[in-house]
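See structure below.
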Amino acid sequence: MTVGQPDAVVVGAGVIGSAVALELARTGRQVVVVDKAGAVGHGSTSASSAIIRFNYSTFDGVATAWEAQHLWTSWSDHLRLSGRRPLAAFHRTGAVLLDSPAVAPSETAALFDRAGVPYERWEAPTLRRRLPGIDPGRYWPPKPVDDDAFFAGPSGELGALFTPDAGYVDDPQLAAQNLADAAVELGARFFLHHTVVAVDRHTDRVTGIGLADGTRIAAPVVVNAAGPWSGGLNRLAGVGGDFTIGVRPLREEVHQVAAPDGRASGPVVADLDLGTYLRAAPGGHLLVGGTEPDCDPHEWIDDPDEADPRPTAHRFRTQVTRAARRFPAIRVPSRPLGVAGVYDVADDWTPIYDRTALDGYYVAMGTSGNQFKNAPLVGHFLATLIDLVEAGHDHDGNPVRHRCEHTGNVVDLGSFSRRRPVRPGSARTVMG
């Protein structure tokens, strides 16, 4: 393979890597994207639930998600693609965040107020009216479905916060392809079926990458957006010694079941009380996932390539049974249906969008299964960060602050630093 010297190499062609490639191309850089998969968005992106919601445990997390929602709602304008082609679509369904001791509703509401996210407070009678068939019982804490305590009666009733502007993207892989197509129109090149086996450096400066076929691609900037393979790429680069936040690959499953009457087009439901979430899906189905409750063992893996992509009967029954406890009309089939993917999980379930101690080498990693929604804005974050740091800005000492175009919020990119402390009381779940 012959590759001229680009201005930047992005490793990873998922939704994050494709968004970064687009925004780097918009700054006038010649960009090359390399991915071991055979198509754009074929890794973790393709297994995403693609939910667009705003409840995070920090202001910067909420502000990022709220700004990104505005990019999804104007997806065609954001892409600026020429000609007609299929585009991913955002479905505005609203989202219901059921009460849970894990996240105080008052704290979430305060962050929504600060960021300008519209919301409503619903008590149990409103839940029953707005979500026909729901059981608003309080069952905290989440329990294994094989535990007799799982079927004990409720200790009270739940309320919820409702955000009307939340929803989901119908095709996460197509969304990544849309971003890649927009980048290609600006001159970016995507090399698929190519595995990175080396990160080249000269003293403390990255100089490019090496591929398994022997090709070397020289570049002054390399961005690690390799998803669950990001930790391995960092080891090739010899970086990570100054990271206070670690990352690990975690296998996760998202399941599909038939929607009972009245649920096929309803809002997203985030249910930390039982440890599950669900959203509508095309064809009269529901997607059901888990929120990593303490009672469930995490499936950490050493090699993402060895993760089984098929759903398991045990996890399917666990997650769908929890959803059926909340909506008793949901049936639990005997045959599992769904997908499994691998999350790139940070210690505090918050991403790392940062420079590293190796000059020119940047990371967009630790996305923890909750950053699909933020991908279009993450491209802006990385492009801005790279522009400033390459021009001499000390991001470690004076973190870059990004002013959001649509909402006016200011996001402190230091919140996504590789050197941040793990906050006491961090969510430690996919909810971020």
Quiz question: by atom type and distance under 3.5 Å, do the side chains of S417 and R419 form a donor-acceptor pair?
no

Does D171 have any side-chain contact (heavy atoms from CB on, under 4.5 Å) partners at least two apart in sequence or in another chain, and if so, which?
Q173, L174

N374 versus A65, closest heavy-atom pair with distance:
OD1-CA, 3.1 Å

Passing option when D99 is tested against D271, L158, L272, D273 for side chain to side chain contact (heavy atoms under 4.5 Å, CB included):
L158

Could you name each residue pair satisfying ring pair (Phe, Tyr, Trp, His ring centres under 6.0 Å) that touches residues 104-123, not counting sequence neighbours?
F112-Y119, W122-F162

Filter on ring pair (Phe, Tyr, Trp, His ring centres under 6.0 Å), then keep only pairs touching residues 39-59, sequence neighbours left out; what's left?
F54-W66

What residue pairs, at least two apart or across chains, pass ring pair (Phe, Tyr, Trp, His ring centres under 6.0 Å) with a residue in residues 301-321?
H255-F316

Nearest heavy-atom contact between A219 and V9 is CB-CG2, 3.7 Å

Does the side chain of V10 reach to within under 4.5 Å of the side chain of V32, using non-hydrogen atoms?
no

Side-chain heavy-atom pair V389, Y362 within 4.5 angstrom cut-off
yes

Mind checking whether L179 and L79 have side chains closer than 4.5 Å, heavy atoms only?
yes

Do the side chains of F243 and D354 get nearer than 4.5 Å, heavy atoms only?
no

Identify, with sequence neighbours excluded, every residue that meets side chain to side chain donor-acceptor pair (under 3.5 Å) alongside R92.
D165

Using a distance-only test with no angle check, is there a side-chain donor-acceptor pair under 3.5 angstrom linking D213 and T215?
yes

Show the nearest heavy-atom pair for residues H402 and L377, with the distance to one decimal.
NE2-CD1, 3.9 Å

Just checking D113: does its CG atom have more than 12 heavy atoms from other residues, nucleotides or ligands closer to it than 6.0 angstrom?
yes

Any side-chain heavy atom of N55 within less than 4.5 Å of one from T163?
no

Between D200 and G210, which heavy-atom pair has the shortest distance, and what is it?
OD2-N, 4.2 Å

With rounding to the nearest 0.5 Å, note down the distance linking CD in E67 to OG1 in T407.
4.0 Å

State whether the number of non-hydrogen atoms from other residues, nucleotides or ligands found under 6.0 Å of D302 atom CG is greater than 12.
no

For residues 102-111, which side-chain N or O atoms pair as donor and acceptor with protein atoms under 3.5 Å away, sequence neighbours left out?
none

Distance alone, cut at 3.5 Å: any donor-acceptor contact between the side chains of S230 and D344?
yes

Among side-chain atoms of E292 and Y343, is any donor-acceptor pair under 3.5 angstrom?
no

How close do Q319 and T276 get, counting heavy atoms only, and between which atoms?
O-OG1, 3.8 Å

Do N234 and Y361 come within less than 4.5 Å of each other through their side chains, counting heavy atoms only?
yes

Ignoring hydrogens and geometry, is there a side-chain-to-backbone donor-acceptor pair from R251 to D308 under 3.5 Å?
yes

Do the side chains of D396 and R418 get close enough for a salt bridge, i.e. N-O under 4.0 angstrom?
yes

Kindly give the heavy-atom pair with the smallest separation between Q30 and P6, and that separation in Å.
O-CB, 3.4 Å

